Amino acid sequence: MARNLRLILSPPSRIWSLLSNGHRYGEWVSGTQQVTAADPHWPQVGARLRVRVGLGPLALEDTCVVRICEAQRRLELEAKADPFGAARIAMELIPWGENTLFVLDWHPLRGPGTRMHGLPVDYIVSIRNGMMLTKLARIAVREHRGSGDALQSAGSG
């Protein structure tokens with residue numbers, strides 16, 4: 001499992017507003033080329049987000065399904081990218097004063113990732129997820145500042 005923590009100097013409600021808008025995932029999820037569809041009831045349990053992921057001309061269709069949703073606190077997705085299998089992506093928002101401690105866990109569920117699971121793969125995924133959290137933090141802080149508050153991003157990826 002790859003685990004990343006990031007202190008985002010923005011309240012959980014601001015972070016949740018980004019997570020609960022499926023069409024915005026392409027702004028912060030590394031490797032996403034385009035969000036092709038988001039169920040209107042996203043992020044309720046069972047809702048789907050369809051995205052095109054990849055680099056350059058190498059792309060594939062991915063589907064994320066909401067498995068657990070606790071508004072303002074926790075969102076767990078199952079990301080399916082055939083033929084590569086599926087992974088569990090768990091996001092937890094912990095109030096930290098006026099800010100948010102964001103915990104992101106990634107774990108392969110099916111496919112080749114389960115056989116390659118371990119230090120090298122987890123390390124690469126951890127780097128990718130750290131980059132994602134940096135993007136998410138920048139967006140949240142920028143939008144929080146735009147609402148009249150002057151905050152800065154801090155934390156580790």
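Bear in mind that the values here come from a model prediction, so they are computed numbers and not experimental data.
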J.: State, with a plain yes or no, whether a side-chain heavy atom of Arg128 is found less than 4.5 Å away from one of Val125.
T.: no
J.: Search all heavy atoms of Trp16 against all heavy atoms of Pro43 and return the closest pair with its distance.
T.: CZ2-CG, 3.9 Å
J.: Work out which heavy atom in Ala137 is nearest to a heavy atom in Arg6; give both atom names and the distance.
T.: CB-NE, 3.7 Å
J.: Compare every heavy atom of Lys135 with every heavy atom of Ser30, then report the nearest pair and how far apart it is.
T.: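 The pair with the smallest heavy-atom distance is OG-NZ, 3.7 Å.
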J.: What I'd like to find out is whether the side chain of Lys80 reaches to under 4.5 Å of the side chain of Arg110, using heavy atoms alone.
T.: yes
J.: How about Val66 and Gln44: do any of their side-chain heavy atoms sit closer than 4.5 Å?
T.: no
J.: Is any side-chain heavy atom of Arg73 less than 4.5 Å from a side-chain heavy atom of Leu93?
T.: no
J.: How far apart are the closest heavy atoms of Arg74 and Ile68, and which atoms are they?
T.: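 Heavy atoms only, the tightest pair is NH2-CD1, 3.2 Å.
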J.: Please check: side-chain N/O of Asn21 versus main-chain N/O of His23, any donor-acceptor pairing under 3.5 Å?
T.: yes
J.: What are the two closest non-hydrogen atoms of Ile8 and Ala140, and how far apart are they?
T.: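 So the two residues come closest at CG2-CB, 4.2 Å.
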J.: Just by distance, do the side chain of Thr63 and the backbone of Arg50 share a donor-acceptor pair under 3.5 Å?
T.: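 Not at all, since once roles are kept as given, no pair shorter than 3.5 Å links the two residues.
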J.: Between Glu92 and Glu70, is any pair of side-chain heavy atoms under 4.5 Å apart?
T.: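 No, too far: nothing below the 4.5 Å cut-off.
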J.: Do Arg52 and Gln33 pair up side chain to side chain, a donor and an acceptor below 3.5 Å, judged on atom types alone?
T.: no
J.: Ring centres under 6.0 Å, that's the criterion: do Trp42 and Tyr25 meet it?
T.: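 That pair passes the under 6.0 Å test.
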J.: Between Glu78 and Arg67, does any side-chain N to carboxylate O distance fall below 4.0 Å?
T.: yes
J.: Quick one: are Thr100 and Ile94 in side-chain contact, heavy atoms under 4.5 Å?
T.: no
J.: Kindly work out whether a path of hydrophobic side-chain contacts (I/L/V/M/F/W/Y, heavy atoms less than 4.5 Å apart) joins Val103 to Leu9.
T.: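 Same cluster: Val103 reaches Leu9 through Ile, Leu, Val, Met, Phe, Trp or Tyr contacts under 4.5 Å.
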J.: So does Met1 get a backbone contact from the side chain of Asp122, meaning a donor-acceptor N/O pair under 3.5 Å?
T.: yes
J.: Under a 4.5 Å cut-off applied to non-hydrogen side-chain atoms, are Arg14 and Glu143 in contact?
T.: yes
J.: Where do Arg3 and Asp105 come nearest, in terms of heavy atoms and distance?
T.: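 Minimum heavy-atom contact is NE-OD1, 2.6 Å.
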J.: Can any side-chain N or O of Asn99 pair as donor or acceptor with the backbone N or O of Pro11 at less than 3.5 Å?
T.: no
